[in-house]
Amino acid sequence: MTTNELDSYYTLPFTRLPHPRYQKKGPIPAYEMIRHSVNTHRGCFGGCTFCTISAHQGKFIASRSEESVLAEVKEVTQMADFKGYISDIGGPSANMYKMEGKHLVMCQACRRPSCIFPDICTNLDTDHRGMTSLYRKVAAVPGVKKAFVSSGIRYDIIFHKTRDEKINKGNEEYLENVIVNHVSGRLKVAPEHTADKVLEIMRKPSFDIFFKLKRFFDRVNAANGLRQQLIPYFISSHPGSTNAEMAELAAETKGLDFKLEQVQDFTPTPMTLATVIYYSGYHPYTLEKISTAREANKKLTQRKFFFWYKPENRNELIGELRKMNRPDLEKKLFGKK
Ligand code: SF4
C-alpha cells in the first residue's frame with residue numbers, strides 16, 4: 001500500500017466511536033486505550049514466529065505522511081473528551097515508521113521472513129531521525145500536553161550499529177527522546193524470553209540486548225531526574241520452552257530486580273510458524289523435534305516460574321528445580337542449595 005493510498009483512508013469520515021452495539025454495554029477497555037491514539041503505519045518486518053501481524057498487514061511497512069498523521073492529531077485535540085494526552089503514536093512496532101530497504105529491488109526478490117532476524121539486514125535503512133522529527137511535531141500541536149509512544153519498540157534496531165555514525169547517534173537520540181518525553185512512567189518492551197534456544201525459535205534477538213536497554217534506560221532516567229519503570233513482556237510455554245528455560249528466565253529477571261507482571265501463556269494462532277511447531281512437534285524448516293508444553297498442568301507450572309516470588313508457588317517450584325537437579329537455580333531463586 002502506498003503512502004497516498006493509506007493517507008486516503010484516513011480522510012474518510014470515521015466517527016472514532018465503537019459500534020453502537022457495543023456502546024450500550026458500558027466502557028470498553030480496549031477502546032479507552034485507543035480512543036486518543038494515532039496510527040502512523042501498518043505492517044511489521046520483525047517476523048516473530050508467534051505473531052500474525054506480518055501475515056495480515058504485511059512484512060513491508062506502509063506509512064502515512066507526516067501531514068496525514070498531524071491532521072489526525074489535530075482532529076483528536078478537538079474531541080470533547082480530549083484532555084491533552086495522545087495515548088499512542090505508533091503501529092505494530094512503534095519504531096518502524098517509514099522504514100524500508102535501501103534498494104527496493106533487493107527487497108522485491110527477498111525471501112527472508114524477517115528483516116531483523118537472525119541479524120539486521122544490511123539493506124534495511126534503520127535511520128530513526130524521521131520518527132524523532134515526527135514526534136516533536138506531534139508534541140507541538142496546540143492542545144497536546146503529552147504524546148505517548150505506547151506501541152512496542154524494537155530496541156534491537158535502535159542499538160544496531162550501522163556504518164554511519166550520524167544514524168547511530170540519531171537512533172540513540174530517538175530512544176532518549178522517547179524515554180524523556182513520550183513514556184507515561186512505564187516503558188513496555190517485549191524480550192519475550194531470556195533463553196537463546198527459545199528466542200531463536202521465536203525469531204527474537206538475544207536477551208543480551210535487553211541488558212543494554214536496561215543500562216540505557218536507567219542512565220537516561222537518572223540524568224533527567226525521572227523515576228520510570230521498564231516493563232518487560234514474556235511468554236511461557238512457547239514451543240521450545242521447558243521448565244528449565246523458565247527457571248533460567250526467573251533467575252535472570254530476578255537478577256535484574258524484576259517482579260514480573262506483564263506475561264502471557266503461548267496461544268496457538270493460525271498462520272504462524274510457532275503454531276505449526278506447537279501442533280506438529282517439529283520445526284518445519286529443520287525437522288528438528290521441539291518439545292512444547294500442551295497440557296494445562298504443564299503450562300501452569302511454566303507460568304508459575306514468572307511468579308516465583310509468590311509464597312504459594314515456592315514449594316512446587318523448588319520441587320521442580322530438584323527434579324531438574326538445578327541447585328544453582330534453586331539458590332538463585334530461593335537462596336538455598
Ligand atoms: S532485502 Fe533486507 S530489508 Fe529488504 S525485505 Fe529482505 S531482509 Fe528486508
Side-chain angles (χ1 to χ4, degrees), residues 1-7 39-66 90-134 149 151-175 178 189-193 196 198-210 212-213 269 271-277 283-286:
M1 203 186 301
T2 64
T3 294
N4 280 346
E5 284 167 342
L6 194 54
D7 282 358
N39 196 241
T40 56
H41 60 282
R42 290 173 60 80
C44 180
F45 49 70
C48 298
T49 58
F50 50 82
C51 176
T52 56
I53 296 267
S54 58
H56 58 78
Q57 291 198 6
K59 174 181 143 190
F60 296 105
I61 305 297
S63 300
R64 297 171 69 183
S65 65
E66 280 198 355
S93 291
N95 57 325
M96 290 186 184
Y97 176 66
K98 288 206 173 165
M99 274 192 193
E100 60 183 6
K102 295 172 211 163
H103 305 288
L104 293 178
V105 65
M106 281 172 71
C107 300
Q108 279 154 14
C110 176
R111 294 174 61 102
R112 279 179 59 156
S114 167
C115 302
I116 50 181
F117 186 89
D119 50 17
I120 295 187
C121 175
T122 49
N123 188 39
L124 183 69
D125 182 357
T126 58
D127 193 346
H128 283 63
R129 289 174 293 182
M131 277 178 274
T132 305
S133 160
L134 174 67
V149 176
S151 298
I153 285 182
R154 285 297 300 235
Y155 48 90
D156 46 341
I157 315 177
I158 296 172
F159 290 127
H160 169 68
K161 289 284 170 253
T162 70
R163 288 202 204 134
D164 186 335
E165 267 316 309
K166 283 189 192 142
I167 292 180
N168 299 340
K169 194 163 167 270
N171 290 357
E172 294 206 352
E173 278 169 4
Y174 166 84
L175 185 56
V178 167
V189 291
E192 308 292 11
H193 215 290
D196 283 342
V198 184
L199 290 168
E200 202 180 322
I201 295 172
M202 293 175 159
R203 288 203 200 108
K204 278 281 191 180
S206 160
F207 193 63
D208 289 348
I209 308 176
F210 180 80
K212 199 169 176 176
L213 173 70
T269 315
M271 300 191 293
T272 64
L273 181 67
T275 298
V276 173
I277 302 173
H283 195 301
Y285 291 6
T286 60

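Each ligand, and each atom within it, is numbered from 1 in the order the structure gives. The analysis underlying the following values was restricted to heavy atoms, covering all of them including side chains, and did not include hydrogens, waters or symmetry mates. Please read all numbers here as calculations on a predicted model, not as lab measurements.
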Would [X] and [Y] pass as an ion pair if we require N to O under 4.0 Å?
X	Y	result
Asp156	Lys212	no
Glu172	Lys161	yes
Lys169	Glu173	yes
Arg129	Asp127	yes

Under a heavy-atom criterion of less than 4.0 Å, does Lys59 contact ligand 1?
-> yes
Given side chains that start at C-beta, do those of Met202 and Cys51 come closer than 4.5 Å, heavy atoms only?
-> no
Atoms of ligand 1 less than 4.0 Å from Phe60 heavy atoms?
->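 Answer for ligand 1: 5 (S).
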Just checking, is any N or O donor in the side chain of Thr272 or Thr275 under 3.5 Å from an acceptor N or O on the other one?
-> yes
With a cut-off of 2.8 Å, which protein N/O/S atoms are close to atom 6 (Fe) of ligand 1, if we only count those under it?
-> Cys110 SG
Please name all residues satisfying ring pair (Phe, Tyr, Trp, His ring centres under 6.0 Å) with Phe159, sequence neighbours left out, ordered by chain then number.
-> Phe216
